[in-house]
Student: 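Let me give you the structure first, and then I'll get to my questions.
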There are 2 protein chains.
Amino acid sequence: MKVSNARAQMRKGVLELCVLRVLSKGEAYASDVLATLQDADLIVVEGTLYALLTRMKNAGLLAYRWEESKSGPPRKYYELTPAGAEFLSALDAEWTRFVRAVDALPSFEAPES
Amino acid sequence: MKVSNARAQMRKGVLELCVLRVLSKGEAYASDVLATLQDADLIVVEGTLYALLTRMKNAGLLAYRWEESKSGPPRKYYELTPAGAEFLSALDAEWTRFVRAVDALPSFEAPES
DNA sequence: GTTAGGTACTTTGCAAAACATAGTACCTAA
DNA sequence: TTAGGTACTATGTTTTGCAAAGTACCTAAC
């Protein structure tokens, strides 16, 4: 149990929300999403993100179209489906409630002696 | 992918923080911790909590003592060790930074058309 | 005292999800 | 035509929570 691992652990289960939020700003392909998350200090590895995008596409939350690239193979540009937008809205609400619930627990202070 | 599962997913990775926070208020045994978390709408099942308490004890974050009960078998009363208190302090800081990072991502709004 | 029921803790098997890493395919340019 | 970069895919492992069954202890009813 290392503090260095804490953020990675916390991110579990919230990654979906993060990806949906990024895509709510408009379509993007995997590297775009990855860069945005990493800029926000929400480290995620390539393999995880691709797997998540595929899962969400299969769940009907995302759709993609192929687009040619000028410097490499074609890219999958993802965007929210109506179901995805609805799901994001619900997740946002859950996130808010969740943060409140955790913050309602006692914050750190020295144990009573 | 169901909204009903969202909170459970989010809780992953933050459970450690929650348990440490509860114990920072003083020693408690499993059922105490469970009840506190459930009161806070942070649902967790018995098996998960016992496993987590054991993991954290083995990691040196918690210690316990046996105490007789008037109505059943003896209980393990857990409390933070100095290492646990230090770890909690670090996790608290990580939690704050994490929430800021997620909230810095765009919140929901209709995708630009 | 022996049995029934409740409480507390343990064990085992399973599933979901992220990680690590390697692999395939496409494109440009030397 | 080959080297290197970019984009996506596939595979196996680990972590961690869940589900459910199991063990053990204690009280109380009979």
Side-chain angles (χ1 to χ4, degrees), chain A residues 1-2 4-20 27-38 42-59 61-78 91 98 102, chain B residues 1-20 27-38 42-59 61-78 91 98:
Chain A
M1 285 183 182
K2 299 185 219 155
S4 63
N5 194 39
R7 179 167 300 212
Q9 287 301 311
M10 287 178 183
R11 201 195 45 249
K12 289 190 178 187
V14 190
L15 243 191
E16 262 178 41
L17 170 64
C18 293
V19 170
L20 289 175
E27 61 176 13
Y29 79 110
S31 294
D32 289 336
V33 177
L34 200 59
T36 302
L37 293 180
Q38 290 179 343
L42 296 164
I43 309 304
V44 83
V45 302
E46 209 190 11
T48 298
L49 181 62
Y50 278 108
L52 179 58
L53 288 171
T54 299
R55 273 204 301 280
M56 292 200 290
K57 193 267 294 173
N58 290 337
L61 304 178
L62 303 179
Y64 68 77
R65 63 180 178 79
W66 285 101
E67 178 168 312
E68 302 298 314
S69 163
K70 289 173 188 166
S71 60
R75 301 167 175 175
K76 281 183 176 177
Y77 274 82
Y78 285 91
L91 271 192
F98 174 72
V102 174
Chain B
M1 285 183 182
K2 299 185 221 156
V3 175
S4 63
N5 194 40
R7 178 168 297 214
Q9 287 301 312
M10 288 180 182
R11 202 193 44 248
K12 288 190 177 186
V14 190
L15 244 190
E16 261 178 43
L17 170 65
C18 294
V19 171
L20 289 174
E27 61 176 13
Y29 79 111
S31 294
D32 289 336
V33 177
L34 199 60
T36 302
L37 293 180
Q38 289 179 343
L42 294 164
I43 309 303
V44 82
V45 301
E46 207 190 10
T48 299
L49 181 62
Y50 278 108
L52 180 58
L53 288 171
T54 300
R55 274 205 299 280
M56 292 199 290
K57 194 267 294 174
N58 290 337
L61 305 178
L62 303 180
Y64 67 76
R65 63 179 179 80
W66 285 100
E67 179 168 313
E68 302 299 314
S69 164
K70 288 173 188 167
S71 60
R75 302 167 174 176
K76 280 183 176 179
Y77 274 81
Y78 285 90
L91 272 191
F98 174 72

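Labels below follow one simple rule: chain letters A, B, ... track the order of the sequence lines, proteins then strands, and each chain is numbered from 1.
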Student: To the nearest Å, give me how far apart CG (Leu34(A)) and C1' (dT6(D)) are.
Tutor: 13 Å

Student: What heavy-atom pair brings Ala30(B) and Leu49(B) nearest, and what distance separates the two atoms?
Tutor: O-CD2, 3.4 Å

Student: Can you measure Trp66(A) atom CH2 to dC8(D) atom P for me and round it to whole angstrom units?
Tutor: 6 Å

Student: Over how many whole Å does the gap from Met10(B) atom CE to dT16(D) atom C1' extend?
Tutor: 18 Å

Student: Please give, in whole Å, the distance from dT15(D) P to Leu15(B) CG?
Tutor: 17 Å

Student: Test your reading of the model: is there a side-chain donor-acceptor pair from Arg11(A) to the backbone of Leu42(A), 3.5 Å cut-off?
Tutor: no

Student: Let me confirm one number: the CD-CZ distance from Glu27(B) to Arg65(B), rounded to the nearest 0.5 Å.
Tutor: 4.0 Å

Student: Between dA7(D), dC18(D), dA18(C), which nucleotide has the shortest distance from any of its atoms to the side chain of Tyr50(A)?
Tutor: dA7(D)

Student: I need the single residue from Tyr77(B), Tyr78(B), Tyr50(B) that forms a ring-ring contact (aromatic ring centres under 6.0 Å, His included) with Tyr29(B). Which is it?
Tutor: Tyr77(B)

Student: Closest approach to the side chain of Val44(B), judged atom by atom: which nucleotide of dC19(C), dC18(D), dA7(D) is it?
Tutor: dC18(D)

Student: What's the closest nucleotide to the side chain of Arg55(B) if the choices are dG17(D), dT10(C), dC8(D)?
Tutor: dG17(D)

Student: Using Watson-Crick or G-U wobble geometry with both distances under 3.5 Å, which nucleotide pairs with dA30(C)?
Tutor: dT1(D)

Student: Classify the nucleic acid contact of Ala51(A) as base, sugar-phosphate or nothing, counting any heavy atom under 4.0 Å across all strands shown.
Tutor: nothing

Student: Rounded to whole Å, please give me the gap between CZ in Arg75(A) and C1' in dT9(D).
Tutor: 18 Å

Student: Round to a whole Å and report the spacing from CZ of Arg11(A) to C1' of dA17(C).
Tutor: 11 Å

Student: Given dC18(D), dT15(D), dC9(C), identify the nucleotide with an atom nearest to the side chain of Lys76(B).
Tutor: dC9(C)

Student: Just how far, in rounded Å, is P of dC18(D) from CG of Leu42(B)?
Tutor: 11 Å

Student: Would you indicate whether the side-chain heavy atoms of Arg55(A) and Leu52(A) approach each other to under 4.5 Å?
Tutor: yes

Student: In whole angstrom, what separates Gln38(B)'s CD from dC18(D)'s P?
Tutor: 11 Å

Student: By nearest nucleotide on DNA chain D, pick out whichever of Gln9(A) and Ser31(A) is the more 5' one.
Tutor: Ser31(A)

Student: Anything under 3.5 Å between a protein N or O and an N or O of nucleotides 21-28 of chain C, put it in a table, one pair a line.
Tutor:
none

Student: Taking it one step at a time, do Leu15(B) and Leu37(B) satisfy side-chain contact (heavy atoms from CB on, under 4.5 Å)?
Tutor: CA-CA 9 Å; Leu15(B) 244 190; Leu37(B) 293 180; 4.1 Å; yes

Student: Roughly how far apart are Asp32(B) CG and Thr36(B) OG1, rounded to 0.5 Å?
Tutor: 6.5 Å

